[in-house]
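Worksheet: the structure to be examined is printed underneath.
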Amino acid sequence: MNIVIFGANGPTGRLAAEQAQAEGHTVTAVTRRPKAFPVSGPRVRVVEADVLDPAAVERVVAGQDAVISALGVPFGRSPVTVYSVGISHITQAMTKHSVRRVVGVTSTVLFGTAAPDEGFLFRKVLEPAVVRFMGRHVYDDMRRMEEIVRETDLDWTVIRPGGLFDRNGVSDYRVGTERLPGRYTARVDLAHELLRQAADDRHVRAFIDVRTTQDTPSFLDLIRNEAFSGKGAEPGSRKGRVRG
């Protein structure tokens, strides 16, 4: 397949590009900083473009078989728009060029249900604090993104992972259409499922959870690494807006 990845220079996007190439797909990696993109090979084409530029998005979407949006931003105090504006430009370009398949990423908290098998402290104190305060702007824009995708007639799937962390190698992760037990999703597992969804239609027009159960971090480690370090922000990106 010909697959274009937006947010390709973020941690998950890079993994998706690596895995796609290894599986024999032709990858168009979209980034505002092409010289910083570390993945190369005969099946990888790196394109300089900004998802906030509709003309640039249209140029890279034309001729593709599927689109992956691995866009992301770190938590911050400023309003976030990259998810909703980015997916608007992507879906508009897909409609114009008759590209049907799109797979995007939001968060498990958007299921709107309590985390299964979790204790009172996590369900009532820790997770609500992250959702309502630390990550409020990010989650608000993720919701707008999902609304935009849901209103299209495209063959869409949205993956709602748990807290992201790094792990070596794809694990025996779980997939479901409801919120799954567990707090975490390895980026390598998320990248694997993004590609699997892009290549088939098993969960078209559905929201799915991807959950890693092996080698997971502690909750405090996750908050420290993700909320405060801004890990994964593309070099030179707009502060508080674009990760990848």
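Remark: side-chain polar atoms of H89 are paired, donor with acceptor, to backbone N or O of V51 under 3.5 angstrom. Between the side chain of R179 and the main chain of T113, a donor-acceptor pair closer than 3.5 Å is present. The closest donor-acceptor contact from the side chain of Q19 to the backbone of H192 lies under 3.5 Å. No donor-acceptor distance shorter than 3.5 angstrom exists from the side chain of N2 to the backbone of D65, with no hydrogens or angles considered. For the pair R32 (side chain) and A49 (backbone), a donor-acceptor distance under 3.5 Å is absent. Between the side chain of S84 and the backbone N or O of T81 there is at least one donor-acceptor pair closer than 3.5 Å. Proximity of a side-chain donor or acceptor of T212 to a complementary backbone N or O of A186 within less than 3.5 Å is detected. H137 places a side-chain N or O within 3.5 Å of a backbone atom of R77 that can act as its donor or acceptor partner.
Here the closest heavy-atom approach between residue A191 and residue L15 is recorded as CB-CB, 3.7 Å. Pairing each heavy atom of V27 with each of A20, the nearest pair is CG2-CB, 3.3 Å. The nearest pair of heavy atoms linking F37 to N9 is CD1-OD1, 3.4 Å. Between R211 and P161 the shortest heavy-atom distance is NH2-C, 4.4 Å. Closest approach of D50 and V57 over heavy atoms only: O-CG2, 3.9 Å. Residues G7 and L71 approach most closely at N-CD2, 3.7 Å, considering heavy atoms.
Ring pair W156/F207 is tilted by interplanar angle, where 30° to 60° counts as tilted.
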Can you give the donor-acceptor pairs under 3.5 Å from side chains of residues 100-107 to other protein atoms, not counting sequence neighbours?
unit_1: R100; atom_1: NH1; unit_2: D153; atom_2: O; d: 3.3
unit_1: R100; atom_1: NH2; unit_2: D153; atom_2: O; d: 2.4
unit_1: R100; atom_1: NH2; unit_2: D155; atom_2: OD1; d: 3.3
unit_1: R101; atom_1: NE; unit_2: Q197; atom_2: O; d: 3.1
unit_1: R101; atom_1: NE; unit_2: D200; atom_2: O; d: 3.1
unit_1: R101; atom_1: NH1; unit_2: D155; atom_2: O; d: 2.8
unit_1: R101; atom_1: NH1; unit_2: T157; atom_2: OG1; d: 3.0
unit_1: R101; atom_1: NH2; unit_2: T157; atom_2: OG1; d: 2.9
unit_1: R101; atom_1: NH2; unit_2: Q197; atom_2: O; d: 2.9
unit_1: R101; atom_1: NH2; unit_2: D200; atom_2: O; d: 3.4
unit_1: T106; atom_1: OG1; unit_2: E146; atom_2: OE2; d: 2.7
unit_1: S107; atom_1: OG; unit_2: V109; atom_2: N; d: 3.3

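Rounded to the nearest 0.5 angstrom, M145 CE and T91 OG1 are separated by 9.5 Å. In this structure, OG1 on T31 lies 11.5 Å from CD1 on I5, to the nearest 0.5 angstrom. To the nearest 0.5 angstrom, K35 atom NZ is 11.0 Å from R33 atom CZ. Of the inter-residue distances, the one linking R143 atom CZ with D140 atom CG reads 5.5 Å to the nearest 0.5 angstrom.
Within the 4.5 Å cutoff, the side chain of V82 has no heavy atoms near those of the F6 side chain. A heavy-atom distance below 4.5 Å is not found between the side chains of V61 and E58. Between V175 and H203 there is a side-chain heavy-atom pair separated by less than 4.5 Å. Side chains of Y139 and Y83 form no contact here, defined as non-hydrogen atoms less than 4.5 Å apart. Put simply, the side chain of H25 does not reach to within 4.5 Å of the side chain of R43, judged on heavy atoms.
The residues E193 and R196 are annotated as salt-bridged, a charged nitrogen and a carboxylate oxygen being separated by less than 4.0 angstrom. D209 has no carboxylate O lying under 4.0 Å from a charged side-chain N of R160, or vice versa, which leaves the two without a salt bridge. Salt-bridge check for E118 with R183: passed, with a basic side-chain N closer than 4.0 Å to an acidic carboxylate O.
In terms of the salt bridge (Lys or Arg N to Asp or Glu O under 4.0 Å) criterion, D53 has no residue partners (sequence neighbours excluded).
Among D215, D189, T185, the single residue meeting the side-chain hydrogen bond (donor to acceptor under 3.5 Å, both in side chains) criterion with R167 is D215.
V158 and L180 are assigned to two separate hydrophobic clusters, defined by single-linkage of ILVMFWY side chains at heavy-atom distances under 4.5 Å. F133 and L110 fall into different hydrophobic clusters, where Ile, Leu, Val, Met, Phe, Trp and Tyr are joined by side-chain heavy atoms under 4.5 Å apart, directly or via other members.
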field: Criterion side chain to side chain contact (heavy atoms under 4.5 Å, CB included) on I3 and L195, from CA distance to verdict
entry: CA-CA 9 Å; I3 300 175; L195 286 170; 4.1 Å; yes
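Judged purely by distance below 3.5 Å, without hydrogens or angles, the side chains of T28 and Q64 pair a donor atom with an acceptor atom.
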